[in-house]
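Within every chain, numbering begins at 1; the chains are lettered A, B, ... in the order of the sequence lines, protein sequences first and strands thereafter.
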Number of protein chains: 2
Amino acid sequence: MTDRNRMTMQDLARLAGVSKMTVSRALRDSSLVSEDVRKRIKSLAREHGYRINVAARDLRLQRRKTIAVVVEMSPTDERPMSEPYPLALLGGIAQELAAADYAMLVKVSGKITDDEVYGSDGVILLGQGAHEDAAEQLGRMGVPLVVWGSPTRAHQYVVVGSDNRHGGQLAAQQLLGAGRRRLVFLGDTDHSELSDRLEGFRPEVDRDGAELVAVEPCDFTSASAFEATGRLLRRGVEFDGVFACNDLAAAGAINALNATGRRVPSAVSVVGYDDAPMAAAYVPAITTIRQNWHSGGRLLARKILQLIRGETPASEALPTSLISRST
Amino acid sequence: MTDRNRMTMQDLARLAGVSKMTVSRALRDSSLVSEDVRKRIKSLAREHGYRINVAARDLRLQRRKTIAVVVEMSPTDERPMSEPYPLALLGGIAQELAAADYAMLVKVSGKITDDEVYGSDGVILLGQGAHEDAAEQLGRMGVPLVVWGSPTRAHQYVVVGSDNRHGGQLAAQQLLGAGRRRLVFLGDTDHSELSDRLEGFRPEVDRDGAELVAVEPCDFTSASAFEATGRLLRRGVEFDGVFACNDLAAAGAINALNATGRRVPSAVSVVGYDDAPMAAAYVPAITTIRQNWHSGGRLLARKILQLIRGETPASEALPTSLISRST
DNA sequence: TCAAGAAATGTTATCGATCACATGCGCTAT
DNA sequence: ATAGCGCATGTGATCGATAACATTTCTTGA
């Protein structure tokens, strides 16, 4: 009740001349308390800056109403900009959780072995792979778990992700439709989502009788794609179509092509991924595969809530669509 | 102890044939419990998937060790990609909080009046302005509060943000140094951070005897900057330097200039803001003002922890630096 | 007018972990 | 032999809110 220690319901009750039970009821808008008493207690609470003790309430109610979201990310001062997921994904999760009155506890990187994570009602893992073992452990402990990643592979846990296979198909169709015959895939296939895209991409190319002339590793930056494209060119690989792992990489590839006099899209076609805001701003505007991060987030949240309710949701792939621009 | 109800320390204690106090001590690695008992209890806990009840612990320990981060954002399915802050900012916050053993509760939009927010030890508000009243209320309730925004203005709460005024100065110096005399500011000055940039920008222009020929509203997208630049051109405004509110807007402006035959940087110079990954990937590579989101996040977290410890940290501006590229 | 029931308020036990304090046990020094 | 000490463990009270049950106050109909 002093400045140091927070006020409790008991304190408020004394102030209002009622029992703490009445205070509890009043603050929860119970119909069991008269209008005027409720008003008086609420205004007293506001006036004295009373804040409920969430831990006490949650203990008594045997609930937490909290979902932990673990984001795989390596943030350092030297390399501050590793941006694995757009905030929109978190936004989607948050929106759906908020609707169900759940809070979102975000844990960025670090070991998952954390009371706070274990203490929550469920865990959403952003970034498959890095946490394979952690995921398994969570499963063993009976913590509801949903993972953002590659939903096509079978796992013991629920996976939500965009339909990368279909994305790969769309990219192939786009490039082939533009008359391209010698295609290049730019990305690291150790990444399960990229490997899925390749699995959609390759058969489509084969079916058409065109050729996948190279799968060149590259990470999600323009500089890396610039270098990867340069490597191919120096190796003498001839190609007229590029499927890049994201829009930034697409831009890097285009830059490398232009630097050697190959024009986009007249000589070479390029397809990116994500439909990031920069894709439309780039010149030439980048043709890309859109994945809807926001609805992906919402889906993740819905799945975890289903698990908590004891249902058994299936893994699910989100639709992807081609945004055809200049490249 | 059944599948439905989670196991408690009491249950574990029975299993191990000790009292729950010993279990409590063992799990916390207290030196007051013998090596073999500790091991036995820990392996039992692992085996049975015991998870501590965080609410109970926090209630007893009178702590929460949780900071709420409120992100201003309007995520909808129609407009899913409003990306007000990079994840790096959250990453910085998370890193610093984790080091102090605090958890991060993220609330995206929605009303701030939420037990979970009030229940945490402190609140970090991302996005001034939108929450002026909420901020005031939090202050009245004695909730430690730190806001990301414009640190130059005086507020009753602590503000951390990049040094937008200095950023504006740097941009002006860059444009003037390139010999530009008729400058344009692209951005909505209702936004307090942009207004700060203008406050740094304008005097520098004046001092040099150059001219600020227009301040044109525009939001943080390339399309909006494209339009804004088009408006200026159509109005017949002549200018040779542009300071855009972010890198995406810079790209939009460049596109609009190129569309009317004005070359960048030969005829017009452009400076962006943020040093987003796309700034370097764009052609021509965009000259920009870098703000270090990650260390900004860390600073926010450090300030809130100081407030919680009863110290009185001051508002603080983060250094900005000019990244000189082609434009 | 008064019994009966509804409405408003109070009392007690409880959630699960932890602290302060007690107890038990083995060992050593006198 | 036993007082005295240190280490390992147990007991009871506690944190703040809420459900279940108990009690009081207010209405209303015969």
Side-chain angles (χ1 to χ4, degrees), chain A residues 1-2 4-42 44-45 48-66 101 114-116 118-121, chain B residues 1-2 4-42 44-45 48-66 101 114-116 118-121:
Chain A
M1 222 219 102
T2 60
R4 179 90 192 79
N5 300 324
R6 251 162 61 171
M7 173 178 248
T8 79
M9 277 193 181
Q10 188 60 262
D11 300 321
L12 250 187
R14 249 191 298 274
L15 247 59
V18 296
S19 75
K20 62 179 178 172
M21 194 66 239
T22 302
V23 173
S24 171
R25 284 196 266 248
L27 294 180
R28 280 178 296 145
D29 289 319
S30 159
S31 64
L32 283 164
V33 66
S34 66
E35 186 67 22
D36 47 344
V37 171
R38 190 215 321 282
K39 270 195 197 149
R40 191 156 50 84
I41 290 176
K42 281 202 169 184
L44 270 172
H48 290 81
Y50 167 78
R51 291 184 279 150
I52 197 170
N53 185 317
V54 180
R57 173 177 20 82
D58 286 356
L59 172 59
R60 180 66 242 239
L61 295 177
Q62 290 289 75
R63 67 160 202 203
R64 282 274 289 164
K65 289 250 168 189
T66 296
D101 205 31
D114 186 324
D115 287 345
E116 288 297 336
Y118 284 132
S120 51
D121 300 326
Chain B
M1 220 219 97
T2 61
R4 182 87 191 82
N5 300 321
R6 250 162 60 173
M7 175 178 247
T8 79
M9 278 195 181
Q10 189 59 263
D11 301 321
L12 250 187
R14 247 191 298 275
L15 248 58
V18 296
S19 75
K20 63 177 178 172
M21 194 65 241
T22 301
V23 173
S24 171
R25 283 196 267 249
L27 294 180
R28 280 177 295 146
D29 289 320
S30 158
S31 63
L32 282 166
V33 67
S34 65
E35 187 64 20
D36 49 341
V37 172
R38 188 214 324 282
K39 270 195 197 151
R40 190 155 50 85
I41 291 176
K42 281 201 167 182
L44 269 172
H48 290 82
Y50 167 77
R51 290 185 280 149
I52 196 169
N53 184 319
V54 181
R57 184 198 343 102
D58 286 356
L59 172 59
R60 181 64 243 239
L61 295 178
Q62 291 288 77
R63 66 160 202 206
R64 280 276 289 165
K65 290 250 165 189
T66 296
D101 206 32
D114 184 323
D115 287 345
E116 287 297 337
Y118 284 131
S120 50
D121 301 325

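- Note on A/V23: nothing from the nucleic acid sits closer than 4.0 angstrom, heavy atoms only.
- Among all heavy-atom pairs drawn from A/L59 and B/A55, the shortest one is N-CB, 3.8 Å.
- The minimum heavy-atom distance linking B/A45 with B/L27 is given by the pair CB-CD2, 4.2 Å.
- The side-chain heavy atoms of B/N53 and B/T8, taken from C-beta on, include no pair separated by under 4.5 Å.
- With a heavy-atom cut-off of 4.0 Å to chain A, the contacted part of DNA chain D has its first and last nucleotide at D/dG16 to D/dA20.
- Here the closest heavy-atom approach between residue A/A13 and residue A/V23 is recorded as CA-CG2, 3.6 Å.
- Interface residues of residues 27-42 of chain B facing DNA chain D, ordered by number: B/S31, B/L32, B/V33, B/S34, B/V37; criterion, heavy-atom separation under 4.0 Å.
- The minimum heavy-atom distance linking A/K65 with A/D101 is given by the pair CD-O, 3.2 Å.
- With hydrogens and angles ignored, the 3.5 Å screen pairs no side-chain donor or acceptor of B/S30 with any backbone N or O of B/R28.
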Taking only nitrogen or oxygen atoms into account, show me every contact under 3.5 Å that the protein makes with nucleotides 12-16 of chain C, one pair per line with its distance.
residue: C/dT14; atom: O2; partner: A/R60; partner atom: NH1; Å: 3.0
residue: C/dC15; atom: O3'; partner: A/Q62; partner atom: OE1; Å: 3.2
residue: C/dC15; atom: O3'; partner: A/Q62; partner atom: NE2; Å: 3.1
residue: C/dC15; atom: O2; partner: A/R60; partner atom: N; Å: 3.4
residue: C/dG16; atom: OP1; partner: A/Q62; partner atom: NE2; Å: 2.9
residue: C/dG16; atom: N2; partner: B/A56; partner atom: O; Å: 3.3

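- Residue A/T22 has no polar side-chain atom (N or O) positioned under 4.0 Å from OP1 or OP2 of C/dT9.
- Between B/K42 and B/D29, the closest side-chain pair of non-hydrogen atoms falls below 4.5 Å.
- A 4.5 Å side-chain heavy-atom check between B/M7 and B/R51 finds every atom pair outside the cut-off.
- Contact check on B/R14 versus B/D11 returns a salt bridge, with a Lys/Arg side-chain nitrogen under 4.0 Å from an Asp/Glu carboxylate oxygen.
- In this structure, the side chains of A/I52 and A/M9 come closer than 4.5 Å at one or more pairs of heavy atoms.
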